[in-house]
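Heads up, the thing below is written out as structure tokens.
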Amino acid sequence: MKKFRRTLVASLLATGLLAAPVAALAQDIKPRLIRFGYGLVEASNQGRAVKFFAEQVEKASGGKMKVRAIGAAALGPDTQMQQALIGGAQEMMVGSTATLVGITKEMALWDTPFLFSNTREADAVLDGPIGQKVMDRLQPAGLVGLVYWENGFRNLTNSKRPVQKMEDFDGIKLRVMQNNVYLESFRTLGANAVPMPFSELFGALETKTVDGQENPFNTILSSKFFEVQKFLSVTNHVYSPWIVTVSKKWWDTLSKDEQKVLMDAAVASRDFERKDTREEAGRALAELRAKGMQINELPPAESARMRARLAQVNAGIAANVGQDLWNETQAALAALRK
Ligand code: TK8
């Protein structure tokens, strides 16, 4: 088709029937279609930011690049979309960095319990040289990482009891992401942790296949987990990033200008998304309480106990992501905390 069009344009040019600028236009006529998949519903911080990204791309490309946003894991859970990107069957996605660990082991750095104490630290490290270094490790695997978005600090919900101390985890069947650090962390705390894709989670909570899960306030709200979970324990046990990724196979077919349109829109979407997420997180707890969830904070001594227990997983993470990367991260955090 494309070849035919070129031949046609060439012969029209040769006969003087078509001016050169029009010919250039004719070659670009078909817009680039970008299938952008994500896991949460449209009415979520993730859905809003994908929509924002789509608008930026269309505007900046003058309509030559079109983003089709496909949410609610309609293209499959994170791990399936990642494979589609690698194979070139899908162009873009956003998902948890934690589900990428099977592809790029360095991503496990972000799974370290209590790594960041606040969003200032998270932004500085993720947007700085360490975040970039980890992101660059995706390329040999066939993915191009553009930016990190905020999923947020994760908190625990379950249908059995308020978790106020470590012993309360006993007998709680807890869904975790498909990620060994999470699996080990919650086993270490005494829960019966089971890995499961996010797309199956609501159903599993509803049928009591699992008793609990952990996610940021925003997701507990947008995914309506309050309908099937009574207790929310404010643990803030880890800061969870999302990452916007592109199929490298497809990325390599783009012009430098097209790549820049995507990169600029990604950066703008990151700023939009973090602001939106933080605003929503600020009011989500009150909304969850109003929806009937019973919320408890952990007594500081219990929180410290859990933190100390979870530090047991750190050595394993350091070994996996590389001791140098681990040390560099600790040094960067120490400098930020000075
Ligand atoms: C959405 C997931 C989700 C994550 C999880 O696809 O699986 O619990 O927090 O945001 O990436």
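Only heavy atoms go into these numbers, but all of them, side chains included; no hydrogens, no water, no symmetry mates. Both ligands and their constituent atoms are indexed starting at 1 by order of listing.
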Under the side-chain hydrogen bond (donor to acceptor under 3.5 Å, both in side chains) definition, can you give me all pairs with a residue in residues 193-215, not counting sequence neighbours? R154-E214, R154-N215, T157-Q213, T207-T209, Q213-N215, E214-H237

Where at least one partner belongs to residues 179-189, residue pairs that pass side-chain hydrogen bond (donor to acceptor under 3.5 Å, both in side chains), sequence neighbours excluded: D111-N179

Do we see a donor-acceptor contact under 3.5 Å between the side chains of E273 and S269? no

Output block, N or O contacts of ligand 1, threshold 3.5 Å exclusive:
residue, atom, partner, partner atom, Å
ligand 1, 6 (O), D78, OD1, 2.9
ligand 1, 7 (O), R175, NH2, 3.0
ligand 1, 8 (O), R154, NH2, 2.9
ligand 1, 8 (O), R175, NH1, 2.8
ligand 1, 8 (O), N215, OD1, 3.3
ligand 1, 8 (O), N215, ND2, 3.0
ligand 1, 9 (O), N151, ND2, 2.9
ligand 1, 9 (O), R154, NH1, 3.0
ligand 1, 9 (O), R154, NH2, 3.4
ligand 1, 9 (O), N215, OD1, 2.7
ligand 1, 10 (O), N151, ND2, 3.4
ligand 1, 10 (O), W242, NE1, 2.9
ligand 1, 11 (O), D78, OD2, 2.9
ligand 1, 11 (O), S96, N, 3.3

Is there side-chain contact between Q82 and T245, with at least one heavy-atom pair below 4.5 Å? no

For E150, all residues meeting side chain to side chain donor-acceptor pair (under 3.5 Å), sequence neighbours excluded: Y239, R278

Using 30° and 60° as the class boundaries, would you call the ring planes of W149 and W242 parallel, tilted or perpendicular? perpendicular

